[in-house]
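First comes the structure, then the notes that go with it.
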2 protein chains.
Amino acid sequence: MFSQSEENYLKAIFHLTTAEKKGISTNAIAEKLATKPSSVTDMIRKLSDKKVVSYKKYYGVSLTNSGRKIAANIVRKHRLWEVFLVEKLHFSWDEVHDVAEQLEHIQSPKLIQQLDHFLGFPTQDPHGDPIPDQDGNLKTIEKRLLSTLLKNEAGVCIGVDDSSSEFLKFLDKRGITLGKHIKVLEKEAFDDSLIIEINQQKMTISKKIANNLYIQKS
Amino acid sequence: MFSQSEENYLKAIFHLTTAEKKGISTNAIAEKLATKPSSVTDMIRKLSDKKVVSYKKYYGVSLTNSGRKIAANIVRKHRLWEVFLVEKLHFSWDEVHDVAEQLEHIQSPKLIQQLDHFLGFPTQDPHGDPIPDQDGNLKTIEKRLLSTLLKNEAGVCIGVDDSSSEFLKFLDKRGITLGKHIKVLEKEAFDDSLIIEINQQKMTISKKIANNLYIQKS
DNA sequence: ATAAATATTTAGACAAGTCTAAAAAATGTT
DNA sequence: AACATTTTTTAGACTTGTCTAAATATTTAT
């Protein structure tokens, strides 16, 4: 059994892990969790003793197989709860994160199994992120940042990179939500802004926004 | 804001408080929470500093108004989650307690408000216990222990006193659930057992069982 | 009313998780 | 290669919530 704190560390390492990087740095984890590097060192040593991360001094951390499974399960719970909050309790997608952050630590395999069933076995959370299955497997969807599309290419909005409340509220205000069809009408070389068509109307999108929206090309 | 541990103490005192008794003893709280009396003393002092309990050395504890409100809200959350687990996720009434014990600590007023709405503003949990309203008010229902009914009196099963998993499973096995109509056919003076009619059939019920079942007389 | 039993509190210790400040190792720069 | 900078670790301290053992207060029984 893992404490909430241990679970948070595992989840942070999981999220910081990408195909390329081999070891996650102490500093990166500290920043993600808003703690100090020295605290990270302590916790990492503990998790290493429990065989859920592998760790060599000064070399960074990575999850072991069992650690990855545990972390994926926490992410699974987080995302299922987000779906519940949005679909059943009518939260908006920018309100769910903090509550899901608490709910993900509830320990009850049956609860998650039944919740999954109750929600109709969803495969994505309200931000378009994939929900790991019971064995911790994540199926990644073919997705590209809006900023990588060329002129006249189009697709469907399937996710966000930054899921901060501010960004999500901004998107809501503009009428940009998951599932919306988007076409790139113009790319402005000067400031990398885009003119897109969405909801049958033209809209100008800054570079920053385009860098945070995922599109599934059609 | 109160820690989970603080919340558990407040809830324990709330449950131990009855109309008669004025102060709850250190030992009673320790037993309820499966801790040691010395730990209780420490925590009580802390809660007293926070003005949620009033406390005089060697005299026992009682909740202040604000403490009572906080405790009632925790009970409210606990019972709403129990309803959710049974009605939406098909848990049986003996499985909900441990999970609700965790869920009751989730902090989000909106979550509880929406959950309440989603469940249709229930007034009782799956064991027949009343759900406090948002202001912490409990409306008590006119209820009597089955063991206090006389021969030929009848009513509806509306709750249990002991909600341990064993007892609830026992009741399930006998087909005794909330809402069932029960009539006392015979009272055995010898061992205080009862012969009742339920589900159109006769059944013998021991004193112990009759002391743990609440009936609303009809 | 005094002794025995019980209940409560105090004192001191410990584990988990965090922090600050300082030391050590690795990396970058000239 | 030598120095400066950054990253990471160590050492020691603090908080929360718990415990054991001992001291003190209260209650019960004779």
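Every heavy atom of this structure was used, including side-chain atoms; hydrogens, water molecules and symmetry mates were not. In what follows, chains are A, B, ... by sequence order, proteins preceding strands, each numbered from 1.
Between A/H97 and A/H78, the ring centre distance stays below 6.0 Å. A ring-centre distance under 6.0 Å is found for B/F84 and A/F84.
In this structure, the CG atom of B/N27 is 5 Å from the P atom of C/dA7, given to the nearest Å. Remark: C1' of C/dT18 and CD1 of A/I44 are 15 Å apart, rounded to the nearest angstrom. When the P atom of C/dT8 is taken as reference, atom CD1 of B/I24 falls 11 Å away, rounded to whole Å. Atom NZ of A/K36 and atom P of D/dT15 are 18 Å apart (whole Å).
Phosphate contact (OP1/OP2 of D/dT18, side-chain N/O of B/S5, threshold under 4.0 Å): present. Remark: B/Y59 is not in phosphate contact with D/dT27, judged by side-chain N or O atoms under 4.0 Å from OP1 or OP2.
Of the charged side-chain nitrogens involved, none lies within less than 4.0 Å of a carboxylate oxygen, so that B/K11 and B/E6 do not count as a salt-bridged pair. The residues A/D192 and A/K187 are annotated as not salt-bridged, no charged nitrogen and carboxylate oxygen being separated by less than 4.0 angstrom. Taking the charged nitrogens against the carboxylate oxygens, B/K139 and B/D133 have no contact shorter than 4.0 Å, which rules out a salt bridge.
Of the N and O atoms on the side chains of A/E82 and A/H127, at least one donor lies less than 3.5 Å from an acceptor on the other residue.
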List the protein contact pattern of nucleotides 10-16 of chain C with one symbol per nucleotide (5' to 3'): B for base contact, S for sugar-phosphate-only contact, - for none; contact means a heavy-atom distance under 4.0 Å. B-----S
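When heavy atoms are screened at a 4.0 angstrom cut-off, B/S39 is found touching base atoms of the nucleic acid.
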